[in-house]
Amino acid sequence: MASRLDDLIQQRLDKLERIRSLGLDPYPRRYKRTHTTEQAIVLLKQIEDTSKTEIIEISVAGRIMAIRKMGKSSFMDIQDGSGKIQLIFSNTILSEEIVSELFRDLDIGDFIGVKGGLMRTRTGEPTIHVAEFTLLSKSLLPLPEKYHGLQDVDARHRQRYLDLISNQEVKETFRIRSRIIAGIRNYLNSHGFLEVETPVLQPSAGGALARPFVTHHHSLDCNFYLRIALELHLKRLIIGGFDKVYELGRIFRNEGLSIRHNPEFTMLESYQAYADYHDVMDMLEDMVSSVIREISGEYKFKFGDNTIDFTPPWQRLDLRQTIIEYSGIDFMQFPDVISLRNEMQKLNIEVAPVRDRGRLIDELLSTFVEPHLIQPTILYDYPLDMSPLAKKKPGYDNIVERFEAYVCGMELANAFSELNDPIDQRQRFVNQQRSRGRYEEQEVIDEDFLTAMAYGMPPTGGLGVGIDRLVMLLTNQQSIREVILFPQLREKE
RNA sequence: GGGCCGCUAGCUCAAUUGGCAGAGCAACUGACUCUUAAUCAGUAGGUUACAGGUUCGAUUCCUGUGCGGCUCACCA
């Protein structure tokens with residue numbers, strides 16, 4: 001009869017009216033269920049294992065996902081947060097007139113609560129033989145196709161609830177995400193770290209060099225930036241005397257979107273006093289590998305075509321040597337921008353003219369090295385040019401104690417022995433300001449931070465981990481949008 | 001921001017060289033007491049993303065716009 005969306009909605013509204021006219025509330029307050037669908041299935045197994053023949057009455061609640069009418073008996077599948085179970089309604093039970101009228105007006109998508117005996121059908125399907133049922137919420141819109149689910153990527157992200165209802169593997173991705181974050185929190189808490197919260201709104205956005213979002217505070221009548229890193233506030237806390245701190249927080253970067261970049265993403269940063277980057281390497285290895293083992297039962301998992309093995313210790317490579325190995329260029333032999341760029345142009349690398357030396361080295365790294373770093377790898381000892389917050393390596397003028405961890409060609413973590421010399425730190429900020437006054441809205445020098453450091457900061461090892469990318473790895477997702485529940489999309493219309 | 005690709009019924013997808021826009025699911029009517037992508041018979045459902053253009057005729061060719069995907073740039 002009807003099929004346009006408006007007509008489908010009208011049908012449901014008519015059903016809603018009929019249900020109300022029976023004196024029933026289509027949106028009642030609560031329903032006391034005795035079991036989730038998952039618990040019900042476990043219970044059935046237990047009963048069968050103890051070879052009892054009695055029928056146990058339980059109640060469950062969920063969303064109707066399928067209706068199969070078979071003449072005088074009907075089957076339904078209902079889904080709750082734990083899974084799915086089949087229901088059977090037989091004619092004898094529905095003999096009462098109101099009940100069978102209500103039954104006729106049930107649709108896929110409605111929530112119901114049912115009470116009945118737990119059993120198994122001839123084909124072995126766990127089933128509840130419904131004795132009583134209650135409508136818990138009437139759905140007015142049709143769900144996506146039951147077999148293929150919702151495929152349209154745009155719709156899946158804009159209407160994530162529909163994605164979650166009809167694509168169960170998506171639910172699993174976000175359950176794993178939750179377990180990863182819980183695992184990290186557990187690890188750090190049990191290793192003496194204090195979880196803290198620092199401001200998202202900041203008068204200057206420091207700790208990284210990314211374009212910030214700007215917002216305005218009305219009563220103070222000034223602009224604030226959304227943080228682009230957690231770093232500078234956490235270091236203030238180290239200065240304040242907390243020896244081990246961490247924050248798991250959202251940060252914001254006003255840059256392009258891609259398969260690996262969302263404007264807001266989740267970062268872990270931890271700082272540990274009296275430690276250096278070697279200690280941090282050990283901790284990162286231990287933390288990540290133990291979280292992975294908790295989740296997948298072993299240190300290995302599949303990502304795309306690769307099996308990744310996180311068994312510690314991970315491969316640790318000197319950055320300079322590794323770049324030489326893959327590109328043939330030793331950046332130490334080209335101490336200035338011009339000579340390095342010339343050398344790179346010999347290899348036909350397209351190099352944007354505005355780049356400073358740090359970016360050129362980064363270009364070498366991402367072009368020649370990163371794609372080869374499939375198994376977990378720690379690259380250590382970075383050029384000072386690209387690391388304004390890291391401490392120099394003893395005996396070197398332009399190498400810092402910094403490392404990054406790579407997996408599947410993705411940067412997973414970034415860490416260093418934190419620079420704690422306030423005079424050196426000021427000089428680095430000044431140099432940075434000079435070479436990169438790119439975004440006028442961004443102030444590079446955080447005077448308050450420099451003042452804090454001038455009071456004295458202990459030697460400290462710091463770490464940053466991109467949580468979304470870790471989740472991508474462990475859930476075998478190629479796009480960051482698949483591990484963020486509500487990724488950034490352009491407003492429609 | 002650039003390049004390439006896509007947008008057809010509520011959902012998943014077809015449509016030959018430019019020639020009546022079609023199926024499955026969902027919906028509606030009916031049959032059916034163990035089905036499970038139920039089955040069977042029937043009914044209804046379309047501004048082919050939007051705006052123009054070419055043409056006797058456009059889902060199809062062209063231009064523009066919107067949104068999305070991939071990619072490049074940007075992102076230490």
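Letters A, B, ... mirror the listed sequences (proteins, then strands); counts begin at 1. Values below: every heavy atom of this structure, side chains too, minus hydrogens, waters and symmetry copies. Predicted model only: the values in this text are computed from it and were never measured.
Nucleotides rA31(B) and rU48(B), compared at atom P, are 38 Å apart to the nearest Å. Rounded to whole Å, the C1' atom of rA26(B) lies 24 Å from the corresponding atom of rC34(B). One C1' atom belongs to rU71(B), the other to rG18(B), and the distance between them is 32 Å to the nearest Å.
Contact annotation: the side chain of Tyr406(A) never approaches that of Ile374(A) to less than 4.5 Å [non-hydrogen atoms, C-beta and beyond]. Looking only at side-chain heavy atoms (C-beta outward), Arg236(A) and Phe449(A) come within less than 4.5 Å of each other.
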Inset, instruction - Going 5' to 3' through nucleotides 2-11 of chain B, assign each nucleotide B (protein heavy atom under 4.0 Å from a base atom), S (under 4.0 Å only from sugar-phosphate atoms) or - (no protein heavy atom that close). - result: --------BB
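Not one side-chain nitrogen or oxygen of Arg120(A) sits closer than 4.0 Å to the OP1 or OP2 atom of rU35(B). For the pair Lys15(A) and rC28(B), the criterion of a side-chain N or O lying under 4.0 Å from OP1 or OP2 is met. Within the structure, a side-chain polar atom (N or O) of Arg481(A) is placed less than 4.0 Å from OP1 or OP2 of rG69(B). In this structure, Arg158(A) reaches the rG68(B) phosphate: one of its side-chain N or O atoms is under 4.0 Å from OP1 or OP2.
Using modelled atom types, no side-chain atom of Asn167(A) and backbone atom of Val170(A) make a donor-acceptor pair closer than 3.5 Å.
Within the 4.0 angstrom heavy-atom criterion, no nucleotide atom of any strand lies near Ser90(A). Contact annotation for Met76(A): no contact, since no heavy-atom pair falls under 4.0 Å across all strands. Note on Ile9(A): nothing from the nucleic acid sits closer than 4.0 angstrom, heavy atoms only. Using a 4.0 Å heavy-atom criterion, one finds that Arg490(A) contacts the sugar-phosphate atoms exclusively. When heavy atoms are screened at a 4.0 angstrom cut-off, Leu141(A) is found touching no nucleic acid atom at all.
Note: Phe89(A) and Phe133(A) have perpendicular aromatic rings, judged against thresholds of 30 and 60 degrees for the angle between ring planes.
Under the 3.5 Å distance criterion, with hydrogens and angles disregarded, no donor-acceptor pair is assigned to the side chains of Thr173(A) and Thr475(A). For the 3.5 Å distance criterion, the side chains of Arg33(A) and Ser59(A) fail to qualify, holding no donor opposite an acceptor. No hydrogens or angles considered: a donor-acceptor pair under 3.5 Å links the side chains of Asp14(A) and Gln10(A).
Where Arg68(A) and Leu106(A) meet RNA chain B, the nucleotide closest to each residue was compared, and Leu106(A) sits on the side nearer the 5' end.
Between Asp105(A) atom CG and rC28(B) atom C1' there is a gap of 13 Å when expressed in whole angstrom units. The nearest whole Å value for the distance from the CZ atom in Arg211(A) to the P atom in rC75(B) is 11 Å.
Stem regions for RNA chain B, each three or more consecutive Watson-Crick or G-U pairs with both distances under 3.5 Å and listed by first number, read B:1-7 with B:66-72, B:10-13 with B:22-25, B:27-31 with B:39-43, B:49-53 with B:61-65.
Checked against rC34(B), rC74(B), rC70(B), the side chain of Arg359(A) finds its nearest nucleotide in rC74(B). When each of rG68(B), rC75(B), rC70(B) is scored by its nearest atom to the side-chain atoms of Asp154(A), the top-ranked nucleotide is rG68(B). Distances from the side chain of Glu255(A) to the nucleotides rU35(B), rC74(B), rU71(B) place rC74(B) closest. Of the candidate nucleotides rC67(B), rG69(B), rA26(B), rG69(B) has the atom nearest to the side chain of Val153(A).
Counting atom types as modelled, Glu125(A) pairs no side-chain N or O with a base atom of rU35(B) as donor and acceptor under 3.5 Å.
The pair Lys138(A)-Asp105(A) does not meet the salt-bridge criterion, since no charged nitrogen lies less than 4.0 angstrom from a carboxylate oxygen. Ion pairing between a basic and an acidic side chain is recognised when a charged N comes within 4.0 Å of a carboxylate O; Lys15(A) and Asp107(A) show such pairing.
Checking Gln151(A), Arg158(A), Arg156(A) one by one against Asp163(A), the side chain to side chain donor-acceptor pair (under 3.5 Å) holds for a single residue, Arg156(A).
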